[in-house]
Chemist: 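Submitted below is the structure of interest, expressed as structure tokens.
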Amino acid sequence: MKGKIESGQLCTVEPVVPATLKVGDIVLCKVNGKHYLHLVKAIQGKRFQIGNNRGRINGWVGENGIFGKCTGIE
């Protein structure tokens, strides 16, 4: 299975209000001190479960761990 975004692809990321996010959105987030583009897999109140397109779940982040939403991939 391929990723939705391949390494080196140019992406447009825009600020987002976390309350508007939904499962399946691609977000720029901070995980273990590093910044990644990940999928929102689940939402529980103000927490977001994030993971990749290959089935791996990376854990939960709060609203302050999400910096933007991917709005375009070239």
Side-chain angles (χ1 to χ4, degrees):
M1 179 187 316
K2 290 181 65 172
K4 290 187 175 204
I5 302 170
E6 297 302 322
S7 181
Q9 278 187 288
L10 183 63
C11 301
T12 302
V13 177
E14 297 180 7
V16 65
V17 175
T20 64
L21 291 172
K22 59 188 183 302
V23 172
D25 284 343
I26 301 171
V27 296
L28 177 64
C29 58
K30 189 173 185 177
V31 179
N32 295 326
K34 296 184 180 180
H35 295 88
Y36 295 100
L37 285 173
H38 270 308
L39 290 170
V40 174
K41 296 288 194 170
I43 301 171
Q44 189 178 70
K46 294 185 177 191
R47 296 184 336 145
F48 300 85
Q49 186 181 55
I50 51 121
N52 63 29
N53 195 44
R54 297 180 177 140
R56 176 150 162 66
I57 300 296
N58 293 91
W60 293 89
V61 296
E63 291 179 330
N64 61 341
I66 294 180
F67 304 107
K69 178 179 173 180
C70 180
T71 58
I73 304 166
E74 292 184 32

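We use all heavy atoms of the structure for the numbers below, so side chains are in, but hydrogens, waters and symmetry mates are not. Predicted model only: the values in this text are computed from it and were never measured.
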Chemist: Taking E74's backbone N and O only, do any of them form a donor-acceptor pair with Q9's side chain (distance below 3.5 Å, no angle check)?
Modeler: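 Present.
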
Chemist: Out of D25, I66, T71, which one pairs with V16 under the side-chain contact (heavy atoms from CB on, under 4.5 Å) rule?
Modeler: I66

Chemist: Return the minimal non-hydrogen interatomic distance between C11 and L37, and the atom names on each side.
Modeler: SG-CD1, 3.8 Å

Chemist: Which heavy-atom pair separates F48 from V40 by the least distance, and what is that distance?
Modeler: CD2-CG1, 4.2 Å

Chemist: Roughly how far, to the nearest 0.5 Å, is NZ of K41 from CD1 of I50?
Modeler: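 Between atom CD1 of I50 and atom NZ of K41 there are 10.5 Å.
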
Chemist: Cluster question for you: counting only ILVMFWY and a side-chain heavy-atom cut-off of under 4.5 Å, with indirect links fine, are I26 and V13 together?
Modeler: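 I26 and V13: one cluster.
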
Chemist: Is there a continuous path of hydrophobic side-chain contacts, each under 4.5 Å between heavy atoms, that joins I73 to L21?
Modeler: no

Chemist: Return the minimal non-hydrogen interatomic distance between K30 and V61, and the atom names on each side.
Modeler: O-CG1, 3.7 Å

Chemist: Give the minimum heavy-atom separation between L39 and G24, together with the two atoms involved.
Modeler: CD2-O, 3.5 Å

Chemist: Is it the case that one hydrophobic cluster holds both V23 and V31, taking links as side-chain heavy atoms less than 4.5 Å apart, direct or via other members?
Modeler: yes

Chemist: Mind listing the closest non-hydrogen atom pair of T20 and V17 along with its distance?
Modeler: OG1-O, 2.6 Å

Chemist: Starting at CD1 of I5, measure out to CG of L10 and round the result to the nearest 0.5 Å.
Modeler: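 I5 CD1 to L10 CG: 10.5 Å, rounded to 0.5 Å.
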
Chemist: Minimum heavy-atom separation for H35 to L28, with atom names?
Modeler: CB-CD1, 4.3 Å

